[in-house]
Amino acid sequence: MDPEREWVLRSQKGDRGAFEEIVRATARLVWAYVHGLVKDPSWTEDLVQETYLKAWESIGTLKEADAFRGWLFTIARRLAWRHDEIAGRSTAVAEVPEKAAAAAESEDAGEHIRAALARLPERYRLPVTLHFVNGLEYGEISKSLGLANGSLRGLIARGTKKLRDDLAPWWRNRNERA
Amino acid sequence: MNVHDEIETLTDVYLAGGLEADDRRGVEEHAAGCEQCAAILRDAREFHGWMRGASASNAPPANLEERIIERLHEASPKARRFPGAPRIIRILGGLAAVFALVVLGGAFTGSTMLSVKHSAGLSSAPGSEDFGDVAFREYARKSGKDSGAEGYVQNQEGARYGGRMGGEARKNLDELKSRSKDLSDSRGRPMTGAPASPAPMEAEKKYAESMDKAERGEESLGMADAEGKPGDPGNPYIDDRKIIRNADLHIEVEKYEDSYAKVTQIAVAEKGFVAGANTTRLANGKMRADVTLRIPPERFESVLTQLKALGTLRNQAITSQDITKQYLDLGTRQKSKEALVERLKKALLEGKGNVKEIMEAEVALGKATEELESIKGELKYYDNLIGLSTITLHLFEKDLGLPFEYVLTLQSTIGVTGSDADGVYAKAQELIRAAGGQVADARMTRQNDGSSSGFVRGKVDAEKFPAVREDLKKLGHVDQDTVNQQQTGRGGQGPVKPDAPVRKEQAIVDFTVNTPAMVVTRRAVIAIEADPAEAAYQESRRDVESAGGKILEGSLTGRTEGASATVTAQVDADKFAALVEKFKSRGKVKNATVKQDEPGGGADRAPLIRERGEISLAIATPARLLTEEHGVMKTIRETFANSIAGVLWSVEKLIVGIALAGPWILLLGVIWVLWKRRRRARTA
């Protein structure tokens with residue numbers, strides 16, 4: 001985390017290169033976080049971009065450089081919630097019933113998996129998403145989450161098990177459907 | 001917790017690559033001997049594979065970070081203005097700057113700009129625009145995102161490549177580094193426990209190596225170098241950047257054929273070639289051509305100079321496109337795909353796994369190979385573009401813009417006056433058609449006063465025009481006859497050569513025929529007596545109609561005795577006299593006057609004016625009982641009649657008197673009788 005602290009401090013002084021490094025180090029993490037949070041995943045990238053725009057605008061107000069990640073996630077979470085709220089408001093009347101029906105009938109495995117991921121408790125969601133969806137290596141997950149090997153191991157094991165239990169009926173039937 | 005349970009717990013971590021070497025070996029060894037655990041492992045492996053495959057569509061885009069950074073760029077092209085300062089201070093700073101501007105601007109006008117700027121700079125010290133600029137430049141220099149062909153980044157190219165690699169290339173090396181790690185044997189995935197694992201160190205080393213290579217000027221990415229030797233100081237386009245150079249020249253030349261031959265010579269001499277030529281011969285015999293040349297980039301400038309010597313340069317545009325990033329991306333993608341193809345091939349050769357897995361591997365192999373080919377094709381395309389610059393040459397011969405012929409246009413207007421507008425109108429059209437011309441427009445209008453006019457626009461061949469013109473003039477009395485002849489140069493601007501050919505265009509004839517309003521030149525006032533008047537009235541109306549005249553007014557008053565009638569009618573001059581006679585024959589003529597007005601205008605117009613006559617007829621019923629009498633008899637009769645009238649008058653007055661006095665006499669009589677009876681009774 002040390003270089004990240006350095007980047008944050010430099011970003012606060014207006015060093016864009018440093019902020020760019022932060023983006024490189026954390027973008028996929030934020031992406032996975034937002035992906036599991038937002039209702040319509042097609043908005044994920046926009047929201048991630050929005051998160052960084054906002055972060056860059058207001059990084060000066062961040063007091064503790066060490067708290068950067070939590071702060072970044074908070075921005076992302078707020079944006080995602082606000083987006084859902086606005087989107088929900090605008091689509092509540094017309095689209096939702098259709099959409100729900102479509103999702104129920106959908107044979108799209110990706111959508112099923114996303115739904116299952118969204119149902120996971122939050123602490124499992126991120127590492128599991130990073131592994132399966134983002135396709136990160138174990139080492140990369142550990143690095144980007146800043147977790148020691150042991151804790152990540154537990155999270156992956158339990159998270160994957162929950163996910164598998166959740167998806168098992170659907171997964172087992174996949175061949176019959178196909 | 002027995003071994004099986006433990007294995008089950010570890011399976012997912014094992015598959016996610018989270019086990020250390022010892023544990024991993026433990027799981028593998030146990031599964032090899034334990035059917036139950038092997039099944040669990042197979043099942044889990046299948047699940048992991050399926051999960052990763054099915055989630056692929058949800059995966060973030062490969063260039064997620066780049067896109068975020070790009071978005072940051074777009075949102076605020078300069079660095080943040082007041083970084084680090086809390087909002088209130090930023091606001092205060094802004095206010096201070098505004099205040100300083102106002103105060104200084106008010107105090108001194110003219111030469112205060114410098115000090116204003118200075119004070120503004122002071123009040124917003126660390127986040128001032130200057131600082132932001134520096135930061136941005138630093139940022140831009142580092143990221144190397146800006147295309148090498150624009151802005152100051154290009155100016156700094158020399159310095160940038162003097163000692164180290166550009167940010168762009170470095171970034172791509174970073175990517176390559178991470179990919180190469182990706183591509184390391186799947187079974188030999190780095191099983192790292194801590195962030196500071198050997199893998200990053202290894203990558204670091206690789207990175208350092210490639211940096212060294214880049215510095216030495218070697219092609220670190222194994223791509224064909226199409227641009228000649230690196231580091232050649234004589235050519236600014238040669239480094240590890242991939243730049244497509246194009247030029248677009250418009251040159252005016254004396255003669256196309258000669259120039260084209262020269263262009264070919266230049267292209268061949270400079271190791272290029274003519275890729276295509278598109279020649280057009282224009283109507284004036286001049287040539288214009290678009291020639292495409294492909295030239296090695298290092299000869300680009302020299303070829304341009306030579307081409308410009310061909311003639312007069314009218315316009316030129318030189319563009320360059322930096323595709324370094326796309327190119328390097330393609331390179332890395334190619335490498336990774338190659339590795340993937342290799343791995344899949346190996347896996348298929350080993351033949352491990354069930355039928356389904358093998359099938360899947362084959363499908364994946366097919367897809368990967370296809371993608372690899374497409375990448376190779378794209379690289380080839382870029383190589384071609386980079387390898388040879390494209391020069392598009394637009395050659396056109398001199399005087400292209402000068403007129404090459406005269407055009408003779410005839411515009412004629414003929415106007416005639418005739419009494420029969422409709423006939424002339426139809427005849428004019430006939431004439432034009434008969435001469436092989438065409439009627440472009442024809443209209444006829446009629447007015448209430450009886451006038452009408454026809455318009456015909458015709459187009460006839462210039463040769464036939466004089467004949468048509470003469471024929472048209474015969475159709476009536478010619479009022480107007482003008483011919484406009486105009487000769488203009490065609491094909492461009494500027495003076496026309498005196499010997500230029502003359503081309504006659506179709507003559508345009510505007511023909512107009514007018515019929516004037518009718519004029520009344522003769523008038524007759526007739527009074528007749530007819531009995532019965534009504535019959536004469538009806539007869540005279542019929543007379544007007546049969547003469548083709550028009551009844552302007554007609555009235556009949558009193559149906560029986562003493563009836564009178566009037567008729568006012570207009571008729572063509574030639575029928576006027578006949579109608580007057582007819583009217584006269586309808587009764588006893590009491591009065592008749594006929595007069596003829598002198599028509600207006602000169603004598604030459606007289607026959608054209610359509611004359612009319614107007615007749616007013618008054619019909620009266622003759623006196624019936626007595627005809628007119630004179631003399632003594634009349635006096636006697638009148639006297640006699642007067643005396644009778646006097647007698648009758650007296651009788652009338654008498655009766656009135658009796659009627660008036662009667663009641664009184666009767667009353668007096670009654671009183672007298674009564675008085676007499678009283679006297680008699682008194683005496684008796």
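In what follows, chains carry the letters A, B, and so on, assigned in the order in which the sequence lines appear, proteins first and then strands, with residues in each chain numbered from 1. Since the structure is predicted, the reported quantities are computational estimates derived from the model, not experimental observations.
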If I take atom [atom1] from residue [X] and atom [atom2] from residue [Y], how far apart are they, to the nearest 0.5 angstrom?
{"X": "A/T44", "Y": "B/L64", "atom1": "OG1", "atom2": "CG", "answer": "10.0 Å"}
{"X": "A/D46", "Y": "B/R67", "atom1": "CG", "atom2": "CZ", "answer": "9.0 Å"}
{"X": "B/F47", "Y": "A/L167", "atom1": "CZ", "atom2": "CG", "answer": "5.0 Å"}
{"X": "A/Q49", "Y": "B/L72", "atom1": "CD", "atom2": "CG", "answer": "8.5 Å"}
{"X": "B/E66", "Y": "A/E20", "atom1": "CD", "atom2": "CD", "answer": "7.0 Å"}

>> Using a 4.5 angstrom heavy-atom cutoff, name the option from A/V23, A/T51, A/I156 with the most pairs to chain B.
In response: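 Among A/V23, A/T51, A/I156, the one with the most close pairs to chain B is A/V23.
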> Can you find a heavy atom in the side chain of B/V13 that is under 4.5 Å from one in the side chain of A/Y138?
Replying inline: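 Sidechains of A/Y138 and B/V13: in contact.
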>> Looking at B/R71 and A/Y52, would you say the former's side chain and the latter's main chain have a donor-acceptor pair under 3.5 Å?
In response: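 Not a single qualifying donor-acceptor pair exists.
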>> Report which part of A/I141 has an atom under 4.5 Å of a heavy atom belonging to chain B: side chain, backbone, both, or neither.
In response: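 Contact with chain B: none, neither part.
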> Any idea which heavy atoms bring A/R164 and B/D12 closest together, and the distance?
Replying inline: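 Looking at all heavy atoms of both residues, the shortest contact is NH2-OD2, 2.9 Å.
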> Does any heavy atom of chain A fall under 4.5 Å from the side chain of B/D23, the backbone, both, or neither of them?
Replying inline: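 The answer is the side chain of B/D23.
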